[in-house]
Amino acid sequence: MAIRAFLLCIILFSSSYTSFALYEDQVGLMDWHQQYIGKVKKAVFQTQKAGRKRVVVSTEENAIAALDLRHGEIFWRQILGVNDVIDEIDIALGKYVVTLSSGGSVLRAWNLPDGQMVWESFLLGSKPSRSLLLTPTNFGADKDNVILAYGNGCLHAVSSIDGDILWKKELAENGIDVQHLVHPEESDTIYALGIGEASQFEAYVINVRNGELLKHSSKGFPGGFSGDLSLPTSDKAVVLDSSESSLVSVSFVGGEIKFQEFQISDLQGYSGEAVLLPSKLAGMVAIKIDRSLLLVKLKDEGTLEVVDTVPHVEAVSDSLSFAEGQTAFGLIQQDGRKIQLSVKSSNDWKSHFLKESIEFDQQRGLVHKVFINIYVRTDRTYGFRALIVMEDHSLLLLQQGAVVWNREDALASIIDVTTSELPIQKDGVSVAKVEHNLFEWLKGHLLKLKATLMLATPDDVAAVQRIRLQSAEKSKMTRDHNGFRKLLIVLTRAGKLFALHTGDGRIVWSRLLNAFHKSGTCESPRGIKLHQWQVPHHHALDENPSVLVVGTCGHNSDASGILSFVDAYKGEELNYLAPVHSITQVIPLPFTDSTEQRLHLIIDAEGYGHLYPRTPEAVDIFQKELGNIYWYSVDINNNLLKGHVVKKNCKKEIADDYCFESSDLWSVIFPSDSEKIIATSTRKLSEVVHTQAKVNADQDVLYKYISKNLLFLATVTPKAMGDIGSVTPDDSWLFVYLVDTITGRVLLRMSHHGCQGPVHAVFSENWVVYHYFNLRAHRYEMSVVEIYDQSRADNKDVLKLVLGKHNLSAPVSSYSRPEIMTKSQSYFFTHSVKAVAVTSTAKGITSKQLLIGTIGDQVLALDKRFLDPRRTLNPTQAEKEEGIMPLTDTLPIMPQAFVTHALKVEGLRSIIAIPAKLESTTLIFAHGVDLFFTRLAPSKTYDSLTDDFNYALLLLTIVALVISIFVTWIWSERKDLQEKWR
């Protein structure tokens with residue numbers, strides 16, 4: 001009886017934990033998702049009296065979004081393709097958002113309330129040109145509401161109702177650069193204005209009804225023109241001359257062109273480099289000289305007059321028209337931590353509609369753009385709000401002298417990611433805190449028990465969810481024993497560094513690096529890479545870890561380099577070096593000095609290596625390993641693969657003691673007329689391999705060929721370099737290579753006939769998986785190659801392997817010719833791929849999963865067993881026991897395998913896998929325009945209990961077992977006693 005009762009309780013207990021699904025109340029416990037839009041380029045306010053007020057923006061990440069003006073939240077958002085750059089944006093008919101993109105080739109209308117696309121028109125043209133968009137509002141009721149779009153050298157009139165093209169006119173003949181479309185009020189004509197190749201001012205007068213060219217005027221200016229036209233009025237333009245010392249006023253009324261020239265120095269006595277700002281101001285132009293702004297009024301007779309000079313101006317808005325024909329514009333002055341917003345009247349310069357000063361975070365840098373909008377206060381007077389775009393790509397809304405909200409949209413353009421451990425907890429815990437935590441623990445599990453027994457009220461369910469979020473302790477700023485809590489250090493395109501907490505994704509600190517500020521010595525700084533610089537282990541309580549930020553002062557290979565050293569806990573920039581020698585490659589070395597700073601070798605454009613940190617101790621460590629420092633370089637433009645080695649110190653007249661010469665060891669040249677390099681991939685240096693041996697079902701032992709010096713390289717025939725489908729299958733070949741980067745030896749070459757790129761590959765342990773397109777099958781494919789070491793084929797005794805009596809510890813040299821065996825297989829895959837990664841764990845014991853970023857901007861976790869090259873149609877029983885699946889031609893995609901669930905990581909660019917201390921778990925971070933983080937257990941959580949494990953039910957089960965055993969013991973004793981009395 002006791003045994004039966006015990007078994008019954010065990011069955012009931014185990015049946016409570018058969019499900020591994022993610023319930024609705026578990027969302028957000030282990031993952032987080034953040035949405036961004038990127039740096040704003042253009043903004044249009046939509047503030048009608050009825051409905052919620054919003055601003056529609058277009059960004060550098062090709063996003064169109066409607067933002068709530070109250071809180072800055074995203075109402076809706078559309079992300080266009082990487083090559084579909086948004087050129088212009090406007091609002092038509094008060095209900096459509098109109099966008100012109102792809103160099104003026106695509107015109108779209110989006111529904112303003114929800115962002116759904118209403119129509120799309122493709123505008124064809126003869127030659128590339130700038131893109132212009134005009135949405136006139138005063139054509140009259142008897143006409144169709146048209147949108148004028150200029151792109152690819154052609155002007156199109158498009159119906160705003162359904163997107164039909166009403167007429168088309170080609171304008172970009174003889175190299176004319178059309179810069180403005182002008183529609184005078186109450187007129188049936190439009191002007192297309194531009195500058196010809198010989199610095200001639202060109203004016204086209206076109207009938208807006210049918211596209212008929214009424215007049216074409218052209219007139220040359222002796223001094224030539226520089227820069228773009230500015231259009232202060234509907235009948236006059238202003239432009240700089242070729243020397244940038246004079247302003248030229250151009251009148252084009254009725255197509256008659258007249259010039260008037262004015263020296264800038266005569267206007268106000270200013271001299272220096274003048275820049276004509278593109279801001280559209282009513283009746284005036286803005287000229288920037290150094291950091292001062294000259295506001296020049298254009299009079300009716302075409303003369304110019306300086307009305308004011310404003311110092312320290314960073315940005316000027318376009319003019320805004322409001323009641324009774326009044327116009328205003330805003331300008332931003334910045335001095336240190338203060339921003340001064342001024343809204344001035346275009347009609348009466350001496351009057352100010354608004355003038356207020358705001359203190360802000362200096363880490364946001366300089367103001368780049370400002371957009372102003374008007375609203376009506378409760379007292380029926382007019383107020384102004386300003387949308388400001390900062391140097392760090394953040395977006396702020398200013399209203400009534402305060403920052404209403406801000407958005408950190410620099411996180412939409414992450415360049416590189418690294419991680420840092422959190423500090424070790426130092427403080428003790430008070431008795432009161434322990435008692436409070438114990439009370440909360442008991443309360444939480446009692447509520448969970450009520451929920452399990454279906455006795456919980458909705459308030460109890462909400463309380464359980466709240467306690468789960470609090471008790472998870474995922475947002476604490478100290479390390480946890482499982483290694484789930486870390487800092488994600490991310491470098492953005494703006495040169496700003498962020499530290500994100502893996503628990504909830506919040507920003508712990510951010511820093512706009514001084515080294516990446518634009519200066520006279522570095523005109524266009526950009527970040528390229530992050531590296532761990534100092535990771536304290538022995539002094540973890542006393543010293544903070546730090547990271548190395550690497551950048552350059554341009555896109556050329558010989559551009560000066562930038563090095564910045566940042567504290568990973570506080571975000572303080574410890575030191576920076578700029579400008580330094582050029583940087584083409586950064587090699588983290590497996591050596592650290594006494595302060596636990598990691599040695600790095602930085603290669604410049606001339607092939608010299610520069611050692612960091614620049615200390616005598618680092619040089620002594622490096623000199624001992626001088627003959628063992630190898631690296632490779634891939635020159636895609638010249639189809640060249642090279643291997644290099646460090647030889648000796650540079651000559652004294654060339655550089656210092658931290659400079660080292662290198663020599664070329666080998667090179668592989670791919671003939672340009674037959675192959676072009678399109679992709680490379682290597683193993684992660686930090687990857688841990690648990691075992692080199694693999695035991696088959698028949699007890700045969702295969703030894704993995706493990707080398708950190710292997711390079712996967714893919715090439716295609718020159719005709720296959722275009723987009724998918726641009727070449728016939730017979731003319732397309734895809735070649736893949738495995739190359740030893742120490743010796744240059746090609747270990748494997750495979751060809752795929754009728755296949756084409758793009759190729760995405762991931763290399764792990766002894767296998768590589770790559771994705772490409774099969775033109776013959778009209779489908780995507782994924783292939784896997786596994787490499788095994790045949791030189792250890794004699795060590796097939798499993799008993800020796802278990803006892804350690806084998807030669808796996810024998811040194812392996814790349815110079816000894818390896819005897820390798822490869823196994824490969826190809827499978828169809830239904831998705832196009834944006835990124836591929838592989839899970840990584842602390843000891844390498846847990847089975848691997850491929851992390852595939854699909855074209856739908858989701859992350860799919862695919863078990864590596866599906867890509868086992870040993871799969872056959874009819875596996876034996878022993879192979880089935882080993883876990884080998886039957887062969888299918890297509891890789892399965894199960895909805896439950898998407899680690900992003902129903903979410904999207906818009907504009908997905910990269911997936912990073914980070915090992916936790918808990919062997920079963922890996923941390924996944926995916927970034928694009930959005931950010932997504934989660935924990936993944938490829939082999940389930942075999943080494944821990946889940947966070948929502950019901951301890952109360954376990955305790956209840958144990959108590960029930962003890963009581964049942966005690967009761968059955970009493971029954972058994974009574975039964976024995978009764979038997980004895982009989």
Side-chain angles (χ1 to χ4, degrees), residues 38-39 41-42 58-64 78-90 98-109 119-135 146-158 163-183 190-206 211 213 216-218 220 224-231 237 239-240 242 276 278 280 524 554-556 637 718-719 721-727 758:
K39 185 181 181 181
K41 296 194 298 184
K42 297 181 183 295
S58 64
T59 72
E60 292 183 354
E61 303 302 322
N62 297 338
I64 312 150
Q78 298 287 352
I79 310 293
L80 304 186
V82 176
N83 299 320
D84 196 4
V85 178
I86 302 171
D87 304 309
E88 296 289 341
I89 185 171
D90 206 345
V98 181
T99 60
L100 185 63
S101 60
S102 295
S105 300
V106 185
L107 186 68
R108 298 182 179 95
W119 52 258
E120 180 181 43
S121 295
F122 295 94
L123 312 179
L124 303 179
S126 57
K127 57 183 69 175
S129 68
R130 69 175 68 201
S131 302
L132 302 172
L133 181 66
L134 180 64
T135 55
V146 300
I147 297 170
L148 299 172
Y150 176 76
N152 293 315
C154 291
L155 178 64
H156 296 80
V158 181
D164 286 344
I165 298 175
L166 305 178
W167 53 260
K168 171 184 174 182
K169 188 68 179 177
E170 186 169 348
L171 299 179
E173 54 188 26
N174 302 324
I176 296 174
D177 176 22
V178 177
Q179 299 183 12
H180 286 281
L181 298 176
V182 185
H183 176 239
I190 58 170
Y191 292 92
L193 309 175
I195 297 176
E197 288 182 340
S199 290
Q200 290 187 328
F201 186 87
E202 307 281 346
Y204 295 89
V205 185
I206 301 171
L213 179 62
H216 174 207
S217 303
S218 178
F225 298 123
S226 173
D228 291 344
L229 296 168
S230 180
L231 203 68
V239 65
L240 284 169
S242 57
L276 190 62
K280 300 174 183 177
S524 54
H555 295 270
N556 298 329
N637 295 327
K719 290 184 178 180
M721 286 291 290
D723 296 332
I724 291 175
S726 61
V727 64

S.K.: Quick one: are Ile176 and Tyr204 in side-chain contact, heavy atoms under 4.5 Å?
M.R.: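 In contact.
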
S.K.: How would you list, by chain and number, every residue that makes a side-chain contact (heavy atoms from CB on, under 4.5 Å) with Lys719, sequence neighbours excluded?
M.R.: Val727, Asp731

S.K.: Is the shortest side-chain heavy-atom distance between Val98 and Val158 below 4.5 Å?
M.R.: no

S.K.: Please enumerate all residues that pass ring pair (Phe, Tyr, Trp, His ring centres under 6.0 Å) together with Tyr191, with sequence neighbours excluded.
M.R.: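 For Tyr191, the residues satisfying ring pair (Phe, Tyr, Trp, His ring centres under 6.0 Å) (neighbours in sequence not counted) are Phe252.
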
S.K.: Output the distance between atom OG (Ser131) and atom CG (Leu123), rounded to the nearest 0.5 Å.
M.R.: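 Rounded to the nearest 0.5 Å, the OG-CG separation comes to 9.5 Å.
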
S.K.: Kindly compute the distance separating NZ (Lys168) from CG (Leu155), expressed to the nearest 0.5 Å.
M.R.: 11.0 Å

S.K.: Quick one: salt bridge (charged side-chain N to carboxylate O under 4.0 Å, His left out) partners of Asp228, sequence neighbours excluded?
M.R.: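 Asp228 satisfies salt bridge (charged side-chain N to carboxylate O under 4.0 Å, His left out) with Arg130 only.
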
S.K.: Output all residues satisfying side chain to side chain donor-acceptor pair (under 3.5 Å) with Gln179, sequence neighbours left out; order by chain, then residue number.
M.R.: Asp177

S.K.: What closest approach, in Å, do Leu171 and Val178 show between heavy atoms, and which atom pair accounts for it?
M.R.: CB-CG2, 4.3 Å

S.K.: Pro758: which residues meet the side-chain contact (heavy atoms from CB on, under 4.5 Å) condition with it, sequence neighbours left out?
M.R.: Ile724, His760

S.K.: Could you list the residues that satisfy salt bridge (charged side-chain N to carboxylate O under 4.0 Å, His left out) with Lys42, not counting sequence neighbours?
M.R.: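 Salt bridge (charged side-chain N to carboxylate O under 4.0 Å, His left out) check on Lys42 returns Glu88.
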
S.K.: Tell me every residue that passes side-chain contact (heavy atoms from CB on, under 4.5 Å) with Ala109, counting only those two or more places apart in sequence or in another chain.
M.R.: Tyr96, Val118, Trp119

S.K.: Verify side chain to side chain contact (heavy atoms under 4.5 Å, CB included) between Phe122 and Val106, making sure each step is shown before the conclusion.
M.R.: CA-CA 5 Å; Phe122 295 94; Val106 185; 3.9 Å; yes

S.K.: What distance separates Leu107 CG from Leu133 CG, expressed to the nearest 0.5 Å?
M.R.: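 The CG atom of Leu107 sits 6.5 Å away from the CG atom of Leu133.
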
S.K.: Over all heavy atoms of both residues, which pair between His183 and Leu134 is shortest? Give the atoms and the distance, please.
M.R.: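 Nearest pair, atom of His183 first, then Leu134: CB-CD2, 4.0 Å.
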
S.K.: Provide the closest heavy-atom pair for Ile195 versus Gly227 in the form atom of the first, atom of the second, distance.
M.R.: CD1-O, 4.3 Å

S.K.: Minimum heavy-atom separation for Cys154 to Gly125, with atom names?
M.R.: SG-CA, 3.9 Å

S.K.: When you measure from the side chain of Tyr150 to the backbone N and O of Leu181, does any donor-acceptor pair fall under 3.5 Å?
M.R.: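 Flag not set: sc Tyr150 to bb Leu181 has no pair under 3.5 Å.
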
S.K.: Under the side-chain contact (heavy atoms from CB on, under 4.5 Å) test, which residues partner Val82, sequence neighbours left out?
M.R.: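 Val82: no side-chain contact (heavy atoms from CB on, under 4.5 Å) contacts found.
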
S.K.: Sequence neighbours left out, what passes side chain to side chain donor-acceptor pair (under 3.5 Å) with Ser121? Give chain and number order.
M.R.: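 Residues passing side chain to side chain donor-acceptor pair (under 3.5 Å) with Ser121: none at all.
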
S.K.: Taking salt bridge (charged side-chain N to carboxylate O under 4.0 Å, His left out) as the definition, give me every residue that meets it alongside Asp84, ordered by chain and number, with sequence neighbours left out.
M.R.: Arg108

S.K.: Locate the shortest heavy-atom distance separating Lys41 from Thr59; write the atom from each residue and the value.
M.R.: CE-O, 3.5 Å

S.K.: If you look at every heavy atom in Gly81 and Asn62, which pair is closest and at what distance?
M.R.: O-ND2, 2.8 Å

S.K.: For Asp87 and Gly104, indicate whether the former's side chain and the latter's backbone hold a donor-acceptor pair under 3.5 Å.
M.R.: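 At least one qualifying donor-acceptor pair exists.
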
S.K.: To the nearest 0.5 Å, tell me how far Ser101 OG sits from Ile89 CD1.
M.R.: 10.5 Å

S.K.: Just to verify, what does Glu202 make a side chain to side chain donor-acceptor pair (under 3.5 Å) with, not counting sequence neighbours?
M.R.: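 Here the qualifying residues are His216, Ser218.
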
S.K.: Quick one: list whatever passes side chain to side chain donor-acceptor pair (under 3.5 Å) with Ser105, sequence neighbours left out.
M.R.: Asn152

S.K.: Can you tell me how far CD1 of Ile79 sits from CD1 of Ile86, rounded to the nearest 0.5 angstrom?
M.R.: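 Spacing of CD1 (Ile86) from CD1 (Ile79) equals 8.0 Å.
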
S.K.: Measure the shortest side-chain to side-chain distance between Leu231 and Leu193 over non-hydrogen atoms and say whether it is less than 4.5 angstrom.
M.R.: yes

S.K.: Would you say the side chain of Thr99 lies within less than 4.5 Å of the side chain of Ser58, judging by non-hydrogen atoms?
M.R.: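 No, every pair of side-chain atoms sits at 4.5 Å or beyond.
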
